[in-house]
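A short worksheet on the structure shown next.
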Amino acid sequence: MLLWVAYALLLGIVFLFGACVGSFLGVVADRVPRGQSIVRGRSFCPHCHRELSPRELIPLVSFLWQRRRCRHCGAPIPWRLFFTELAGGLLAVWVLLSQNCTFNSTFWVYLAICFALLAIALTDLASMLIPGGLIAALAVPVLGSLLLPQSPGLPSRLIGLFCVSVPMLLITLAIPGSFGGGDIKLVAVCGFLLGWQRTLLGLFLALLSGGAYGSYLLIKDRRNKSRHFAFGPFLCGGAFLALLYGQDLINWYIGLVTGW
Ligand SMILES: [Zn+2]
């Protein structure tokens, strides 16, 4: 019983930590594409420009407590901020559970990678851009993953680096505008992280989910011919699942095919 309480408390703290990081990543997604500093300048209400006090900055709680309105001018706070904080918290708990609730080196490296992926997904959603700075922020923990005990070999990583990014680059050279430069760099870095097998799996998951979303957009609005939507979030989601569950999924599939 006491153990469960301790676990719940631990997960609660990790969730709150993740929600705080998520809140910060929301600011990153908002400011980086506009070239604004992410460390200088306190958070402010975009409507009345009043700086937020510490008690207005508690993730999730402030939003609900203030009934999603600015305390000064009453302007509504977008739901996007709430879901960004929720996503950060859930992500941290998810990564911890995937490591059987141990704070090992894999947990910290994976968490940094997942937060970078979340920042990239949010920025791409907000601005259809993946800035180079965020790719660099992802590359740092990806390099750190070289030191982890369970890690793909260097040959697999090097193939992963090129096996999807180069075809995407060639397609974009042939048909300009097919993929953004940021998407291609993202896929290259994720490929180096995952090794080639899990890279292909991640791409498969991204195409499956992105394709489903694209079809939904087409059906919903037949007249709208400009079918551009941010593909980065799907790539990030695919990379996330491939990172945490890729090997299990691949083993399961091989077992299915070979009849084991
Ligand atoms: Zn305000």
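- Contact detail for Pro149 and Ser105: the closest heavy-atom pair is CD-OG, 4.4 Å.
- Taking the centre and axis of the six-membered ring of Phe192, the NZ or CZ atom of Arg157 falls inside the cone set by 45° and 6.0 Å.
- The number of heavy atoms from other shown groups lying within 6.0 Å of CZ (Phe103) is above 12.
- Rounding to the nearest 0.5 angstrom, the gap separating the CG atom in Asp124 from the CG atom in Leu235 is 8.5 Å.
- Remark: side-chain polar atoms of Ser165 are not paired, donor with acceptor, to backbone N or O of Lys185 under 3.5 angstrom.
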With side-chain contact (heavy atoms from CB on, under 4.5 Å) as the criterion, how do Phe204 and Leu200 come out once you've worked through the C-alpha distance, each side chain's angles and the decisive distance to 0.1 Å? CA-CA 6 Å; Phe204 173 72; Leu200 294 181; over 6 Å; no
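- Note: the hydrophobic cluster containing Val14 does not contain Leu9 (ILVMFWY, side chain heavy atoms under 4.5 Å, direct or indirect links).
- Under a hydrophobic clustering in which Ile, Leu, Val, Met, Phe, Trp and Tyr are joined whenever their side-chain heavy atoms come within less than 4.5 Å, directly or via other members, Leu125 and Leu25 fall into different clusters.
- Taking each heavy atom of Ile130 and Ile135 in turn, the nearest pair found is CG2-CD1, 3.6 Å.
- Residues Arg50 and Glu56 form no side-chain contact, since every pair of their non-hydrogen atoms from C-beta on lies 4.5 Å or further apart.
- The CZ atom of Arg198 sits 6.5 Å away from the CG atom of Leu193 when rounded to the nearest 0.5 Å.
- Grouping the Ile, Leu, Val, Met, Phe, Trp and Tyr side chains by contacts below 4.5 angstrom, directly or via other members, places Val166 with Leu203.
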Take Cys236 and Leu118 through the test side-chain contact (heavy atoms from CB on, under 4.5 Å) and record every step on the way to the result. CA-CA 7 Å; Cys236 290; Leu118 181 62; over 6 Å; no
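- In the hydrophobic clustering of this structure, Tyr110 groups with Phe17; members are Ile, Leu, Val, Met, Phe, Trp, Tyr whose side-chain heavy atoms approach within less than 4.5 Å, directly or through other members.
- Here Asn100 contributes atom CG and Thr106 contributes atom OG1; the two are 11.0 Å apart, rounded to the nearest 0.5 Å.
- Across all their heavy atoms, Cys114 and Val95 have their closest contact at SG-CG2, 3.9 Å.
- Leu134 CG to Leu186 CG: the interatomic distance, rounded to the nearest 0.5 Å, is 10.0 Å.
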Applying side chain to side chain donor-acceptor pair (under 3.5 Å) to Glu85 and Ser23, what does each step give before you reach the verdict? CA-CA 5 Å; Glu85 292 166 354; Ser23 183; 3.3 Å; yes
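- Not a single donor-acceptor pair under 3.5 Å links the side chain of Arg68 to the backbone N or O of Phe63.
- Note: Phe240 CZ to Leu91 CG = 5.0 Å, rounded to the nearest 0.5 Å.
- With rounding to the nearest 0.5 Å, the separation of CG in Leu158 from SG in Cys163 is 11.0 Å.
- Scanning all heavy atoms of the two residues, the minimum distance from Ala206 to Phe234 falls at CB-O, 3.3 Å.
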CA sep, side-chain torsions, deciding dist, call: Ile254, Val257, side-chain contact (heavy atoms from CB on, under 4.5 Å): CA-CA 5 Å; Ile254 290 174; Val257 170; 5.8 Å; no
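- In this structure, the side chains of Cys20 and Pro59 come closer than 4.5 Å at one or more pairs of heavy atoms.
- Cluster annotation: Leu169 and Val189 are assigned to the same hydrophobic cluster (Ile/Leu/Val/Met/Phe/Trp/Tyr, side-chain heavy-atom contacts under 4.5 Å, transitive).
- Formation of a donor-acceptor pair under 3.5 Å by the Ser156 side chain with backbone atoms of Trp196 is found in this model.
- Heavy atoms of other residues, nucleotides or ligands lying less than 6.0 angstrom from CH2 of Trp79 number more than 12.
- The two residues Val32 and Pro131 have their closest heavy-atom pair at CG1-CG, 3.5 Å.
- Pairing each heavy atom of Ala92 with each of Leu111, the nearest pair is CA-CD1, 3.6 Å.
- Aromatic ring pairs are classed by plane angle as parallel below 30°, tilted from 30° to 60° and perpendicular above 60°; the pair Phe179 and Phe231 is tilted.
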side-chain contact (heavy atoms from CB on, under 4.5 Å) assessment of Thr199 paired with Ile159: CA-CA 9 Å; Thr199 300; Ile159 300 171; over 6 Å; no
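- The aromatic rings of Trp94 and Tyr245 sit tilted, their planes meeting at an angle between 30° and 60°.
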